[in-house]
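Reading through the structure tokens given below for one structure.
Indexing begins at 1, ligand by ligand and atom by atom, following the structure's order.
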Amino acid sequence: MLSVIFLVTSLISVAKTTDPELSTVFKPHDGKYPCYRQPALLTTNAQRTHLLVFAEGRFVTSCAPPFENPSDGRSKTNEDGGLEMRRSEDSGVTWLPAQTVFSGNIDFYTVVWDSRTNTVYLMLQTTTPVLIFTSTDEGVTWSKPIPLAVYPPPPFSKAIKPAVGHGIEVIDNLCSNSNCSDAGTLLMPFVCANGSSHPGDNGSCPSCYACVLKSDLPKANQNRTWTFSGIAQQYTRESQLVQTISTDSGLSHIYLNGRNFSPMPGHRFFARSTDGANQFTKFGIDSSLIEPVTRSWTGVVCSVSRISTIPSRIVFSGPDNSTVRSNFTLRLSYDEGYTWPVSRVLFSGLSSYSDTAVLGNGDYIAVVLENGEETFADRISVAIVPVSWIERKSTRTIS
Ligand SMILES: *[C@@H]1O[C@H](CO)[C@@H](O)[C@H](O)[C@H]1NC(C)=O
Ligand SMILES: *[C@@H]1O[C@H](CO)[C@@H](O)[C@H](O)[C@H]1NC(C)=O
Ligand SMILES: *[C@@H]1O[C@H](CO)[C@@H](O)[C@H](O)[C@H]1NC(C)=O
Ligand SMILES: *[C@@H]1O[C@H](CO)[C@@H](O)[C@H](O)[C@H]1NC(C)=O
Ligand SMILES: *[C@@H]1O[C@H](CO)[C@@H](O)[C@H](O)[C@H]1NC(C)=O
Ligand SMILES: *[C@H]1O[C@@H](CO)[C@H](O)[C@@H](O)[C@@H]1NC(C)=O
């Protein structure tokens, strides 16, 4: 049934255009909010045909600055609104009506799916502590939240927040010859700060460090517990994680790709761990991954996801322009995120934050992105993208 869905999708895209279409999932003023920002995307079944798309609703008059006057109309720190969500049961072709997960003043949030218990975990930053919501029915209903009661050690104690986008579940078959011993661990990208993580978005953030909130696979009949583990380099804030293929046996290897809030912004930061994100031991700036630095903002939220293992393919999504949040591009790495030899522009206009999810057997990915003509956040759209389109190979024919 999977291939039927994909056949329909590819017939539609072949009939109309060879490029994937963007379909709007959240549009200001058509629902509860005059502004939607900060989308996230997640698959919630083993077949990877069921999806959740989230966005933050904000009661602000201006969601993002108009292109012609970037210093004007920047959204204020009042982010009162809530977290909205839509579900798809057909690989992102159609979406059910929006439902409210939380109302109130929120900021960042991270979601992950635990395949072993069919549970979605949502970490949501509110004005009070980070809240953990769970859903055991793929987002139809959500638990009453419980506060996340753990903090990293000093100097990071207390100033924490989820990053924006998805977390990952460590899988077993990426360690050489044997299973990764930490398979089943959940890793959530977080922000750990030893001071304010809001120094003014256009400046650098010396107190910002990307970090990882981790949950080891619990024993049977035990609930998950959470603890802080690896901390990335100074000046990183929002990040996403990918498990990489390792020639060791033992703990998983983890790649972190993060927003650059340093005094030399403009290219993405990375960090690598060889012990399941307990510690990051390799750090750097990836000069091939540009992120815009505008008058109002330093960098953006970008996404990384593993598409496949054989061949190894990791996708990076984000706007590829050094001064304007625009030119939204998908890039592929075949060497665990060291180089990105393939790229293709998905949307050349104004565009900003994004998230990605891999569909089905990995022939397609779903991408959610902020985009528009007046501003980079006129709407939030999803595109279903054949990996062969990014690679400029002829579209796979499905028989
Ligand atoms: C930060 O933004 C303000 C207003 O847009 C601008 O005047 C200032 O020069 C910017 N600072 C930096 C370091 O870019
Ligand atoms: C790896 O884990 C799977 C279950 O996820 C299990 O079936 C398999 O036997 C394990 N293989 C090794 C070599 O431990
Ligand atoms: C697990 O969590 C549920 C819901 O919060 C709770 O009812 C249950 O008692 C917990 N189980 C254990 C073993 O702690
Ligand atoms: C858009 O991005 C592509 C690569 O992704 C780059 O070659 C091109 O110069 C960019 N164009 C603009 C206008 O930013
Ligand atoms: C970025 O986009 C602007 C506006 O479209 C364009 O003028 C500029 O050449 C682009 N810069 C790069 C480096 O592609
Ligand atoms: C966090 O604070 C900044 C200043 O705001 C310092 O520059 C950092 O060295 C410090 N980081 C740690 C790990 O203490």
Next item on the list: Within a distance under 4.0 Å of any heavy atom of Ser322, pick out the atoms of ligand 5 and give their elements.
Entry: 13 (C)
Have [X] and [Y] got a donor and an acceptor in their side chains that come within less than 3.5 Å?
X	Y	result
Arg48	Thr43	no
Glu138	His50	yes
Ser252	Gln243	no

Notebook entry, point to check: Are Phe190 and Trp226 close enough that their ring centers fall under 6.0 Å?
Noted result: no
Notebook entry, point to check: Do Phe156 and Tyr209 have ring centroids that are under 6.0 Å from one another?
Noted result: yes
Check: What do we get for Val324 next to ligand 4 when only non-hydrogen atoms under 4.0 Å count, side chain, backbone, both or neither?
Finding: neither
Item checked: Part of Asp320 with heavy atoms under 4.0 Å of ligand 4, whether side chain, backbone, both or neither -> both
Margin query: Using heavy-atom distances only, which candidate in Ile146, Ile132, Thr134, Asn223 approaches atom 2 (O) of ligand 3 most closely?
Written below: Asn223
Note to self: Evaluate Phe26 against Tyr36 for ring-ring contact (aromatic ring centres under 6.0 Å, His included), listing each step before the verdict.
What the structure shows: CA-CA 7 Å; Phe26 294 104; Tyr36 290 96; 5.3 Å; yes
Check: What atoms of ligand 4 come within less than 4.0 Å of a heavy atom belonging to Asn321?
Finding: 12 (C), 14 (O)
Margin query: Does the Lys NZ or Arg CZ of Arg331 fall within the cation-pi geometry relative to Phe316 - under 6.0 Å from the ring centre and within 45° of the axis?
Written below: no
Check: Considering only protein heavy atoms, which is closest to atom 11 (N) of ligand 4, and at what distance to one decimal place?
Finding: Asn327 ND2, 3.0 Å
Note to self: Below 4.0 angstrom, counting only protein heavy atoms, does anything approach atom 5 (O) of ligand 3?
What the structure shows: no
Margin query: Yes or no, since that's all I need: does a protein heavy atom fall within a distance strictly under 4.0 Å of atom 9 (O) of ligand 4?
Written below: no
Check: Short list, please: which atoms of ligand 3 are under 4.0 Å from a heavy atom of Asn221?
Finding: 13 (C)
